[in-house]
Every structure is written in C-alpha cells, then in structure tokens.
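The next block holds one structure in the form of structure tokens; read it before the comments.
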Amino acid sequence: MKKFLGAIVVIFILAFGGYYLASPYLTLYQLKSAVDAKDTATLIDAVDFPQVKSSVKEQLKTKVAQEIPALDTADDGALLGAMFATAMVDGVVDAVITPKAVELILDGKDIGKQLALGDAATPQTDTADTATSHDWQYDLGYQSLDRFGVTLTKDNGKPVTVIMARDGLFDWKIVDVQLPLE
C-alpha cells in the first residue's frame with residue numbers, strides 16, 4: 001500500500017511540475033487561438049496594460065534622451081523639439097497602448113494609421129492594411145521561472161520581444177514589450 005501511495009505522489013508531482021513548466025506554452029496557444037478567432041476579450045485580459053505602458057514609455061524616453069546629445073546644442077529649436085518629444089511620450093503611449101489598439105491589431109490594421117491620437121477610441125476607416133501570421137518567426141523560452149519571452153521577427157526585420165510574467169500558479173500576463181529602437 002505504501003508503494004502505491006508513493007507512486008501516486010510521484011505521478012502527481014510529475015504532472016504538477018509538467019503542467020507548471022508547460023503553462024506559458026499553453027497560454028501562447030490560447031492567445032494564438034484567440035487571435036485566430038478574433039477573440040478580443042481574451043487578448044485584452046492577457047495584457048497588463050499599466051506595466052506595458054510604463055515599459056514602453058521608459059524605452060521611448062531613453063531613446064529620445066540618447067538622441068538629444070547628438071543634436072547640435074547651438075540649435076535651440078532642435079533641442080526644444082527633443083524636449084517636447086520627451087514630454088509627449090506619455091500621452092502618445094497612453095493613447096496607443098489600449099484595448100482598442102489590440103482590437104485594431106487583431107483586425108490586421110496598422111494602429112498608427114487607424115487611431116486618432118486625440119481620441120484613441122475612434123478608429124479611422126482604412127481597411128487596406130492586413131497582416132498574415134505566417135510572415136512571423138518566433139523564438140521563445142523561459143527567461144526565469146516566472147518570466148517567459150517571445151521574440152517576434154517579421155520578414156527578417158527588427159525583432160520585438162514580448163515578455164510574459166507568471167500571474168498566479170499557472171496563468172501568465174503580458175507585462176512588457178521590448179521595441180527594436182536601435
């Protein structure tokens with residue numbers, strides 16, 4: 001009887017560990033299914049918008065700050081423009097990284113052309129831009145036990161890395177998008 005209970009415990013531990021380690025892959029499968037089914041609610045629920053916005057804001061502000069020393073310091077207009085661009089990052093990111101943008105991306109539309117930055121909830125009407133999923137190349141794997149990265153590259157372009165963090169024991173949320181700003 002002890003051997004039987006021991007075997008049950010070992011099987012349970014192996015199943016639990018396997019599911020624990022496979023959970024980000026299962027989440028990615030669910031996200032891909034949601035994209036295929038155009039299930040916006042599932043995708044929106046999978047994103048931690050405040051964390052993603054914060055990360056993107058910092059990336060853009062860092063990029064603008066790196067560009068400022070390259071500007072001619074004698075050109076006050078260029079320096080003022082760079083400072084204005086830094087100040088505008090928050091508003092632009094808040095307007096673009098929204099559930100509505102997820103909807104537009106899901107519909108295969110270019111969000112830069114679709115969203116009116118003054119009112120992120122009002123899309124423009126242009127249906128010419130569509131994307132196919134087979135153009136993307138994926139590189140994915142654990143970064144740590146609680147972080148999982150997916151690097152997406154389209155047509156040998158610059159990679160975008162999406163970072164998911166464990167949300168509970170088996171659930172995952174998208175918490176960061178690392179843009180190719182080089």
Side-chain angles (χ1 to χ4, degrees), residues 1-63 89-90 93-111 115 120-121 130-182:
M1 184 69 169
K2 285 184 181 182
K3 287 183 181 181
F4 178 72
L5 286 176
I8 295 290
V9 168
V10 167
I11 290 171
F12 175 76
I13 290 171
L14 289 175
F16 178 83
Y19 189 69
Y20 185 81
L21 293 175
S23 61
Y25 297 98
L26 294 172
T27 298
L28 288 174
Y29 176 76
Q30 291 168 347
L31 292 176
K32 183 184 181 316
S33 297
V35 168
D36 293 343
K38 298 195 178 208
D39 180 4
T40 307
T42 299
L43 292 173
I44 289 170
D45 190 46
V47 178
D48 185 339
F49 284 98
Q51 276 193 306
V52 171
K53 285 180 183 183
S54 175
S55 171
V56 171
K57 287 175 186 179
E58 287 305 312
Q59 291 175 61
L60 293 175
K61 286 178 182 178
T62 300
K63 180 63 176 175
V89 165
D90 288 344
V93 170
D94 286 338
V96 173
I97 299 180
T98 64
K100 185 64 179 177
V102 172
E103 270 185 64
L104 292 171
I105 291 169
L106 185 59
D107 287 338
K109 298 177 181 170
D110 181 358
I111 63 171
L115 290 178
T130 58
T132 57
S133 61
H134 60 75
D135 294 338
W136 293 93
Q137 297 173 356
Y138 305 92
D139 182 27
L140 44 99
Y142 275 96
Q143 294 180 338
S144 72
L145 197 55
D146 293 330
R147 289 180 67 84
F148 192 85
V150 180
T151 301
L152 307 165
T153 308
K154 184 173 182 176
D155 296 331
N156 296 325
K158 294 182 179 180
V160 174
T161 301
V162 177
I163 306 295
M164 297 188 315
R166 201 174 288 278
D167 182 38
L169 201 53
F170 300 113
D171 295 327
W172 293 82
K173 280 215 180 259
I174 296 171
V175 297
D176 191 5
V177 177
Q178 297 171 351
L179 304 171
L181 297 175
E182 291 81 38

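Excluded from the calculations below are hydrogen atoms, water molecules and symmetry mates; all remaining heavy atoms, backbone and side chain alike, are included. In this chain, numbering begins with 1 at the start of the sequence shown.
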Heavy-atom side-chain contact between [X] and [Y] under 4.5 Å:
X      : Y      : result
Tyr142 : Arg147 : no
Val56  : Leu60  : yes
Lys173 : Ile163 : no
Val177 : Ile97  : no
Lys61  : Asp90  : yes

Would you please name every residue forming a side-chain contact (heavy atoms from CB on, under 4.5 Å) with [X], sequence neighbours left out?
X      : answer
Phe16  : Leu169, Phe170
Val150 : Leu28, Tyr138, Leu140, Phe148, Leu152
Asp171 : Asp167

Q | Derivation and outcome, side-chain contact (heavy atoms from CB on, under 4.5 Å), residues Thr27 and Met164 | A | CA-CA 10 Å; Thr27 298; Met164 297 188 315; 4.2 Å; yes
Q) Just how far is it from atom CG of Asp39 to atom CD of Gln30, taken to the nearest 0.5 Å? A) 10.5 Å
Q: Nearest 0.5 Å please: distance from the CD1 atom of Ile174 over to the CG atom of Leu31.
A: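 Separation between the atoms: 5.5 Å.
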Please report the closest heavy-atom contact between [X] and [Y], naming both atoms and the distance.
X      : Y      : answer
Arg166 : Ser23  : NH1-OG, 3.3 Å
Pro159 : Pro180 : O-CB, 3.3 Å
Val47  : Val52  : CG1-CG2, 4.0 Å
Leu26  : Tyr19  : CD1-CE1, 3.3 Å

Q. Pairs in or reaching into residues 30-57: which pass ring-ring contact (aromatic ring centres under 6.0 Å, His included), with residues at least two apart or in two chains?
A.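 Passing the test, one end in residues 30-57: no pairs.
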(Q) Would you say Gln59 and Ser55 are linked by a side-chain donor-acceptor pair, where the criterion is simply a distance under 3.5 Å? (A)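 The answer is yes; a qualifying pair exists.
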Q. Which residues pass the side chain to side chain donor-acceptor pair (under 3.5 Å) test with Ser33, sequence neighbours left out?
A. none
Q: Kindly write out the residues that satisfy side chain to side chain donor-acceptor pair (under 3.5 Å) with Asp139, not counting sequence neighbours, or none if the list is empty.
A: none
Q) Does a side-chain N-to-carboxylate-O contact under 4.0 Å join Asp94 and Lys57? A)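 Counted as a salt bridge, because a side-chain N and a carboxylate O are separated by less than 4.0 Å.
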